[in-house]
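Worth knowing before you read on, the calculation uses all heavy atoms, side chains too, and leaves out hydrogens, waters and symmetry mates. Counting starts at 1 for both ligands and their atoms, in listed order.
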Amino acid sequence: MSTATLAPDVDELGRARFEELIAADEKVEPTDWMPDAYRRTLIRQISQHAHSEIIGMQPEGNWITRAPSLQRKAILMAKVQDEAGHGLYLYSAAQTLGITREEMYEQLLSGTAKYSSIFNYLTPSWADMGSIGWLVDGAAICNQVPLCRASYGPYARAMIRICKEESFHQRQGFEILLALMNGTDEQRAMAQESVDRWYAPALMMFGPPDDASPNSAQSMAWNIKRFSNDELRQRFVDMIVPQAEILGVTLPDPDLRWNEERGHWDHGALDWDEFRAVLSGRGQANSIRLGKRRRAHEDGAWVRDAARAYAGRQLSEVAS
Ligand code: FAQ
């Protein structure tokens, strides 16, 4: 009898258990064996998601001091703070996979990590706070609700709270636009101009079309992604068309029409050259976003030093 039969390889047992968990649609936890490629995929997706939340604070942070009332300012501050919190839960979830926070920061600051394309667009008007909430958080919800059922436990659990907060974010954005649409002609024009700029970039947040999405098939087989990029984009379009009607804004898409046969709204082609340009660093605000993040990281060095010194003192007190 071979030793292999007496003591089956730990990896083989782990792999069988992993496959059982995925087949039964149960959760994989940090201490479970998992294939390297599954771990790498999760680190990629979760860290990109965390970076998106952190960089995503900037377009709205830009308006905190200029919000039109104290109430709007308080709401916007709370929203931006929520985004920081989402980034932190997500970095923590990624750390359970064996990458350190410092490694992830380094990837972001050096420009080697991706973050969502949407945050490389400028926010020149107050109405953009409405469009970000309604369209960007709306797209984020469509994409993220299914992630609450992702197979990796720490990611799925982080997403539950994040989605609750995102749905408040979406409603506050909708309400900003509704107030503008119920206002003066100038305010209505401001809201429409902003929706005109955010509609297509929001549709592109879902990622490339399915036939150009290299990661989807494997991520779906592992129950990380539950729906393809195009399926989620379709859900989003179906969701916002009636909402746009309530707002009284026009979606800037001449090809948008109800398809009786499919039972869905058809939408026009998207400019994937623009998407690729944004991903390669040539969007409106890529250099502004990364430059600001780098400065904030440098300015925060003293906080990290102080926290490290404090943690060291606590440890030495416990040890003594
Ligand atoms: N931007 O094969 P796929 C938010 C990349 S949070 C940049 O389809 P996958 C909240 C993709 O990474 C927004 N890159 O990839 C908020 C891959 O590159 P890689 C973030 C993109 O992973 C609101 C390549 O293209 N949400 O908004 C984008 O299967 C307001 C090929 O693509 C998440 O991260 C993009 N839009 O599907 C905060 C959700 N799309 O890594 C502040 C979690 C694709 O191979 C204010 N992530 N790429 O070099 C996901 O669901 C997925 O990762 C997808 C992409 C759907 C984004």
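Close contacts between ligand 1 and Glu166 involve ligand atoms 10 (C) [criterion: under 4.0 Å to a heavy atom]. Against a heavy-atom cut-off of under 4.0 Å, Gln144 is close to the following atoms of ligand 1: 6 (S), 26 (N). Close approach of ligand 1 to Phe206 is summarised as follows: ligand atoms under 4.0 Å from at least one heavy atom of the residue are 56 (C). Within the listing of ligand 1, atoms 42 (C), 46 (C) sit less than 4.0 angstrom from a heavy atom of Gly56. Ligand 1 places these atoms under 4.0 Å from at least one heavy atom of Tyr115: 1 (N), 7 (C). Remark: ligand 1 atoms within the under-4.0 Å shell around heavy atoms of Tyr155 are 43 (C).
Within the 4.0 Å heavy-atom cutoff, Ser219 does not count among the residues contacting ligand 1. Heavy-atom separations between Phe227 and ligand 1 are all 4.0 Å or longer. Ligand 1 lies out of reach of His86, whose nearest heavy atom is not under 4.0 Å from it. Distances shorter than 4.0 angstrom do not occur between any heavy atom of His169 and any atom of ligand 1.
For atom 55 (C) of ligand 1, the nearest non-hydrogen atom from the set Lys114, His51, Lys225, Glu83 comes from Lys225. Summarising the contacts of atom 24 (C) of ligand 1 with Asn215, Asn229, Ile224, Leu147, the nearest heavy atom is found in Asn215. In the candidate list Gln48, Met205, Arg226, Gln48 is nearest to atom 12 (O) of ligand 1, counting heavy atoms. For atom 31 (C) of ligand 1, the nearest non-hydrogen atom from the set Ser228, Ser213, Pro214 comes from Pro214.
When heavy-atom distances to ligand 1 are checked against a 4.0 Å cut-off, Lys79 comes that close only through its side chain, counted from C-beta outward. No part of Pro59 comes within 4.0 Å of ligand 1, judged by heavy-atom distances. The proximity of His49 to ligand 1, defined as any non-hydrogen pair under 4.0 Å, involves the side chain as well as the backbone. With a 4.0 Å cut-off on non-hydrogen atoms, Val278 does not touch ligand 1 at all.
Using a 4.5 Å cut-off on side-chain heavy atoms (C-beta onward), Phe275 and Pro208 make contact. Side-chain contact between Ile224 and Tyr152 is absent, with no heavy-atom pair separated by less than 4.5 Å. Between Gln144 and His49, some side-chain heavy-atom pair lies under the 4.5 Å cut-off. At least one side-chain heavy atom of Phe119 sits less than 4.5 Å from a side-chain heavy atom of Val136. Inter-residue side-chain proximity for Arg304 and His297 is flagged as met; some heavy-atom pair is nearer than 4.5 Å.
The shortest contact between atom 1 (N) of ligand 1 and any protein heavy atom is with Ser117 N, 2.8 Å. The protein heavy-atom contact nearest to atom 25 (O) of ligand 1 is Leu279 CD2, 4.0 Å. For atom 50 (C) of ligand 1, the closest heavy atom belonging to the protein is Gln45 NE2, 3.5 Å.
Between Glu60 and ligand 1, no N or O atom pair is found at a separation short of 3.5 Å. Backbone and side-chain nitrogen or oxygen atoms of Glu53 are examined, and none is located within less than 3.5 angstrom of a nitrogen or oxygen of ligand 1. Ligand 1 has an N or O atom lying under 3.5 Å from an N or O atom of Asn143, backbone or side chain. Considering backbone and side-chain atoms alike, Val136 places every N or O at 3.5 Å or more from each N or O of ligand 1. Close N/O approach between Ser52 and ligand 1 is not found [any backbone or side-chain N/O within under 3.5 Å].
Looking only at atom types and distance, the side chain of Thr100 has a donor-acceptor partner in the side chain of Glu103 under 3.5 Å away.
Remark: Arg235 is positioned above the aromatic ring of Phe227, its terminal NZ or CZ atom under 6.0 angstrom from the ring centre and at most 45 degrees off the axis.
Ring planes of His86 and Tyr89: tilted class, angle from 30 to 60°.
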(request) Could you walk me through whether His51 and Tyr91 pass ring pair (Phe, Tyr, Trp, His ring centres under 6.0 Å), step by step? (result) CA-CA 8 Å; His51 299 325; Tyr91 282 130; 5.5 Å; yes
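For atom 16 (C) of ligand 1, a protein heavy-atom neighbour is found at a distance under 4.0 Å.
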